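Working notes, beginning with the structure itself.
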There are 2 protein chains.
Amino acid sequence: MRLTAKGRYAVTAMLDIAVHQEKGPISLADISERQGISLSYLEQLFSKLRRNELVSSVRGPGGGYKLSRDAGDIFVAQIVDSVDETVDATKCAGRANCQHGETCLTHELWADLSEQIHQFLSSIDLATIIANRTVREVADRQDAHQEENIERALAQEA
Amino acid sequence: MRLTAKGRYAVTAMLDIAVHQEKGPISLADISERQGISLSYLEQLFSKLRRNELVSSVRGPGGGYKLSRDAGDIFVAQIVDSVDETVDATKCAGRANCQHGETCLTHELWADLSEQIHQFLSSIDLATIIANRTVREVADRQDAHQEENIERALAQEA
DNA sequence: CAATACTTGACTAAAAAAGTCGGGTATTAC
DNA sequence: GTAATACCCGACTTTTTTAGTCAAGTATTG
């Protein structure tokens, strides 16, 4: 399990789609502009996300990407795994100095930990992230009236 | 929060010390041989671990490194943070296209998630990893309390 | 004093990340 | 049917990080 900027970009882009999905397919150009990620780089990432069946594409004008299934059925670990192409994990396989069991001990300890992290990320879905966020936003708006300005700005943009 | 081979090496080395700590200070040469990590590279990592007061050093013959405190008081997140020197996290700070609030939305969503991962790794200490060879119990406990953790994290943020 | 082992900083090769470029192909709207 | 949109794909470049090396120390023990 790796966790790097590449995975963050992918998760961010997926969240962007999840947030705007009621507008129909979302073009990479839109995501690029909103999230500040280069278009060509997004194409690379979405090529992998599509191959892993996390998104489906609609070509032609008005096209773009949409989530391949409900946001509640897409988990962070799946996104990260799709773009990061995790390898070996232990690299203990063909290791020369891994005979006397000593090495394998801590390698296995790490593998356990790695598995825990993976399980944790497998339990967080996009819908949960967005839902919690939305709830909080509503609460904030009720408290502070300044939020209305931001809402107007967002409405205009769409 | 980043999670890369560098952090894995550091955690592995710390686990190695924790496993052998009853033998007194552990030399980097021993760790290098057991874990297959180059001595000079370990020196770099332990320079940072020492500065972050996760280990203390004993010089001279028979010297080496030992844990600066009980294994139960050293958490995975501390080790990873020490060697990875996490930066910005959102990079949203001086971003040009981050004015109309839209960008900040998903950036914050990612920040929430990142914080959750960090909290998770902050809950795993070395003693626990070593005690439970197969650490399912902890994983299960985490699963049970996970929804609460998410709620707490979001509540705190506000 | 000599061997051990940590300490530090500068340097380098290799890999990965991030971004670019140039050509495609499918689809829609006019 | 043609032009515009937007996905699709592979090769390429740049930049950053990783991982490792080298060389010169300092402190401690036996």
Side-chain angles (χ1 to χ4, degrees), chain A residues 2-13 17 20 23-68 80 82-88 91 95, chain B residues 1-13 17 23-33 35-68 80 82-88 91 95 97:
Chain A
R2 303 171 58 215
L3 207 47
T4 168
K6 197 176 194 173
R8 184 177 72 228
Y9 282 154
V11 173
T12 300
I17 293 180
H20 300 99
K23 299 182 196 168
I26 307 297
S27 75
L28 294 187
D30 282 355
I31 300 176
S32 172
E33 199 191 347
R34 276 195 293 261
Q35 305 303 332
I37 308 170
S38 88
L39 178 59
S40 305
Y41 196 48
L42 280 173
E43 284 175 347
Q44 279 182 44
L45 297 180
F46 274 79
S47 167
K48 293 177 180 177
L49 292 173
R50 197 177 66 93
R51 272 196 285 272
N52 282 273
E53 295 178 349
L54 294 179
V55 294
S56 58
S57 62
V58 178
R59 296 180 121 176
Y65 285 96
K66 51 186 182 179
L67 303 182
S68 65
V80 174
S82 293
V83 298
D84 267 345
E85 278 151 2
T86 316
V87 259
D88 58 7
K91 96 175 194 182
R95 197 78 193 177
Chain B
M1 190 69 189
R2 303 170 58 213
L3 207 46
T4 168
K6 197 176 194 174
R8 185 177 71 226
Y9 282 153
V11 173
T12 299
I17 294 180
K23 298 182 194 168
I26 309 296
S27 74
L28 294 188
D30 283 354
I31 300 177
S32 171
E33 197 190 349
Q35 304 303 332
I37 308 170
S38 88
L39 179 58
S40 304
Y41 196 48
L42 280 174
E43 284 172 347
Q44 279 182 42
L45 297 179
F46 274 79
S47 167
K48 292 177 179 177
L49 293 173
R50 198 177 66 93
R51 271 197 286 272
N52 282 273
E53 295 177 348
L54 294 178
V55 295
S56 59
S57 62
V58 178
R59 297 178 119 175
Y65 285 94
K66 53 185 182 179
L67 302 183
S68 65
V80 174
S82 292
V83 298
D84 267 345
E85 277 150 3
T86 316
V87 259
D88 56 9
K91 99 175 194 181
R95 198 79 190 177
N97 52 352

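Only a predicted model underlies this, so the values are computations on that prediction, with no experimental measurement involved. In the text below, chain A, chain B and the rest are named by the order of the sequence lines, each starting its count at 1.
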From [atom1] of [X] over to [atom2] of [N], roughly how many Å is that when rounded to an integer?
X: A:F46; N: C:dG19; atom1: CZ; atom2: P; value: 15 Å
X: B:L49; N: C:dC6; atom1: CG; atom2: C1'; value: 14 Å
X: A:I37; N: C:dA17; atom1: CD1; atom2: C1'; value: 13 Å
X: A:L42; N: D:dA6; atom1: CG; atom2: C1'; value: 13 Å
X: B:K48; N: C:dT8; atom1: NZ; atom2: P; value: 13 Å
X: A:L28; N: C:dG19; atom1: CG; atom2: P; value: 15 Å
X: A:I17; N: D:dA6; atom1: CD1; atom2: P; value: 14 Å
X: B:R51; N: C:dG9; atom1: CZ; atom2: C1'; value: 11 Å

Exercise for the section: Kindly give the heavy-atom pair with the smallest separation between A:L45 and A:K6, and that separation in Å. Expected result: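 Here A:L45 and A:K6 meet closest at CD2-CG, 3.9 Å.
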Practice task
Kindly give the heavy-atom pair with the smallest separation between A:L54 and A:S82, and that separation in Å.
Solution key: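 Answer, listing the atom of A:L54 first, then A:S82: CD1-OG, 3.4 Å.
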Nucleotide of [options] approaching [X] most closely (side-chain heavy atoms):
X: B:Q44; options: C:dA10, D:dC8, C:dT8; value: C:dA10
X: A:K6; options: D:dT18, D:dC8, C:dA18; value: C:dA18
X: A:P61; options: D:dT5, C:dT7, C:dG19; value: D:dT5
X: A:R50; options: D:dC9, D:dG20, C:dC6; value: D:dC9
X: B:Y9; options: C:dT7, C:dA18, D:dG20; value: D:dG20
X: A:R59; options: D:dG25, C:dG19, C:dT25; value: C:dT25

Identify whether any heavy atom of [X] sits under 4.0 Å from a base atom; if not, whether one sits that close to sugar-phosphate; answer base, sugar-phosphate or nothing.
X: B:A5; answer: sugar-phosphate
X: B:S40; answer: base
X: A:Y65; answer: sugar-phosphate
X: B:L39; answer: nothing

Exercise for the section: Look at A:S27 and D:dT5 and indicate whether a side-chain polar atom (N or O) is within less than 4.0 Å of OP1 or OP2. Expected result: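 No, no such contact exists.
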Problem - Short side-chain N/O contact from A:Y41 to OP1 or OP2 of C:dG19, under 4.0 Å - result: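 No.
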Practice task
With rounding to the nearest 0.5 Å, note down the distance linking CD1 in B:I31 to CZ in B:F46.
Solution key: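 So the gap between those two atoms works out to 4.0 Å.
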Problem - Residue from B:R50, B:Q44, B:R51 passing side chain to side chain donor-acceptor pair (under 3.5 Å) with B:S47 - result: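 The residue from B:R50, B:Q44, B:R51 that satisfies side chain to side chain donor-acceptor pair (under 3.5 Å) with B:S47 turns out to be B:R51.
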Handout entry: Whether over 12 other heavy atoms sit under 6.0 Å from A:E43 CD
Key =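 Enclosed.
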Practice task
Go through the N and O atoms of the side chain of A:E43 and the base of D:dC7, and report whether any donor-acceptor pair is under 3.5 Å.
Solution key: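 Side chain to base: no pair present.
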Exercise for the section: Would you check if the side chain of B:S68 reaches a backbone N or O of B:E53 as a donor-acceptor pair within less than 3.5 Å? Expected result: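 A pair under 3.5 Å: yes.
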